[in-house]
Amino acid sequence: MSDGVISSGWDVLDASHEALREAVRAVPAGAWHLPTPCEGWTVAQVFQHAVGGQIGYAAALTGEPGPDFDPFDPSGDMEGVDPAAFLEDALARTAKAWAGVDRDVAEVPVPVPPHKMSPWSGSAACGLDAAVHAWDIAVATGRPSPLTPELARPLLKIAREIVEPLRPRGAYTAALTTEQGDDDVAVLLRHLGRDPHWGAS
């Protein structure tokens with residue numbers, strides 16, 4: 001990638017990181033308080049959660065400290081925060097950590113059950129976390145979905161591997177039934193408990 005952005009070398013993760021960057025760049029200054037598809041959470045809270053999640057994956061791989069806040073209880077306070085810099089620091093840490101992973105190892109540590117995955121699955125799980133929250137932020141701020149069918153297909157594969165144990169913990173809500181005409185993006189979103197046609201109103 002260009003512009004000094006660190007590449008992890010894992011296609012799904014890098015595309016998911018770019019989706020999150022795109023969504024965050026487009027958030028208007030006054031939109032951080034808006035509601036999102038994550039019930040009860042504002043755009044700011046989803047953003048903070050997404051940043052914390054990426055730091056968590058980096059910490060699992062490297063043994064470095066995790067986020068200095070609880071990603072599952074984000075404050076939503078954006079006073080004094082440079083969103084682009086806050087995000088880029090997290091994504092750089094995560095990309096650097098994944099870039100150092102040996103692709104031939106059987107398993108790598110991850111912060112979600114089962115806490116060890118193959119390198120591909122782990123990097124894709126990290127990407128899933130970034131990509132779905134990119135979608136949350138984009139639709140909450142009236143922007144087009146940053147997800148493409150090409151990205152949704154591998155994300156759905158990893159979602160089917162990891163999401164069920166996370167539902168009881170509140171990370172994802174119950175899956176929604178697919179509907180006729182759903183494309184790959186809609187199928188992914190419904191599997192994650194999200195309405196592809198969600199609107200703030």
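Since this is a predicted model, take the numbers as computed values, not measurements.
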How long is the gap from [atom1] on [X] to [atom2] on [Y], to the nearest 0.5 Å?
| X | Y | atom1 | atom2 | answer |
| --- | --- | --- | --- | --- |
| K157 | S121 | NZ | OG | 5.5 Å |
| I158 | S16 | CD1 | OG | 11.5 Å |
| D136 | T141 | CG | OG1 | 10.5 Å |
| L87 | L20 | CG | CG | 5.0 Å |
| W135 | L151 | CH2 | CG | 14.0 Å |
| T178 | L188 | OG1 | CG | 12.5 Å |

Shortest non-hydrogen separation from [X] to [Y] and the atoms involved:
| X | Y | answer |
| --- | --- | --- |
| I162 | A125 | CD1-CB, 3.8 Å |
| V81 | P83 | O-CD, 3.2 Å |
| I137 | A23 | CG2-O, 3.9 Å |
| R160 | V187 | NH2-CG1, 4.2 Å |
| L34 | A140 | CD1-O, 3.6 Å |
| P149 | D184 | CB-OD2, 3.9 Å |

Students often mix this up, so state it plainly: with edges at 30° and 60°, are the rings of [X] and [Y] parallel, tilted or perpendicular?
| X | Y | value |
| --- | --- | --- |
| F47 | F86 | perpendicular |
| W98 | W10 | perpendicular |
| H49 | H133 | perpendicular |

ILVMFWY network linking [X] to [Y], side-chain heavy atoms under 4.5 angstrom:
| X | Y | answer |
| --- | --- | --- |
| W198 | L147 | yes |
| Y57 | V24 | no |
| V12 | L189 | yes |
| L166 | M117 | yes |

Just distance, no hydrogens or angles: give the donor-acceptor pairs under 3.5 Å from side chains in residues 37-45, sequence neighbours left out.
| residue | atom | partner | partner atom | Å |
| --- | --- | --- | --- | --- |
| T42 | OG1 | A44 | N | 3.4 |
| T42 | OG1 | Q45 | N | 3.2 |
| T42 | OG1 | Q45 | OE1 | 3.4 |
| Q45 | OE1 | T42 | N | 2.9 |
| Q45 | NE2 | P74 | O | 3.2 |

With side chain to side chain contact (heavy atoms under 4.5 Å, CB included) as the test, pick out the partner of L128 among L156, L13, L192.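 The option that passes is L192.
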If we ignore hydrogens and angles and just use 3.5 Å, is the side chain of Q48 paired with the main-chain N or O of S75 as donor and acceptor? yes
Check for a donor-acceptor pair, side chain of D14 on one end and backbone N or O of S8 on the other, with a separation under 3.5 Å. yes
Got a salt bridge between E18 and R21, using NZ or NE/NH1/NH2 to carboxylate O under 4.0 Å?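 Answer for the salt bridge query: yes.
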With the threshold set at 4.0 Å, does a side-chain nitrogen-carboxylate oxygen contact exist between E179 and R190? yes
With heavy-atom distances below 4.5 Å as the criterion, would you say the side chains of E22 and R143 are in contact? no
Taking the side chain as every heavy atom from C-beta outward, state whether E88 and V5 have any pair of such atoms under 4.5 Å apart.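 E88 reaches V5 side chain to side chain.
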Could you check R194 against Y172 for side-chain contact (heavy atoms from CB on, under 4.5 Å), going step by step and ending with a plain yes or no? CA-CA 9 Å; R194 285 161 167 81; Y172 296 99; 3.9 Å; yes
According to salt bridge (charged side-chain N to carboxylate O under 4.0 Å, His left out), who are the partners of R167, at least two apart in sequence or on a separate chain?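 Once residues adjacent in sequence are excluded, the partners of R167 under the salt bridge (charged side-chain N to carboxylate O under 4.0 Å, His left out) criterion are E164.
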Give every donor-acceptor pair under 3.5 Å between a side-chain atom in residues 101-114 and any protein atom, sequence neighbours left out.
| residue | atom | partner | partner atom | Å |
| --- | --- | --- | --- | --- |
| D102 | OD1 | D104 | N | 2.8 |
| R103 | NH2 | G9 | O | 2.4 |

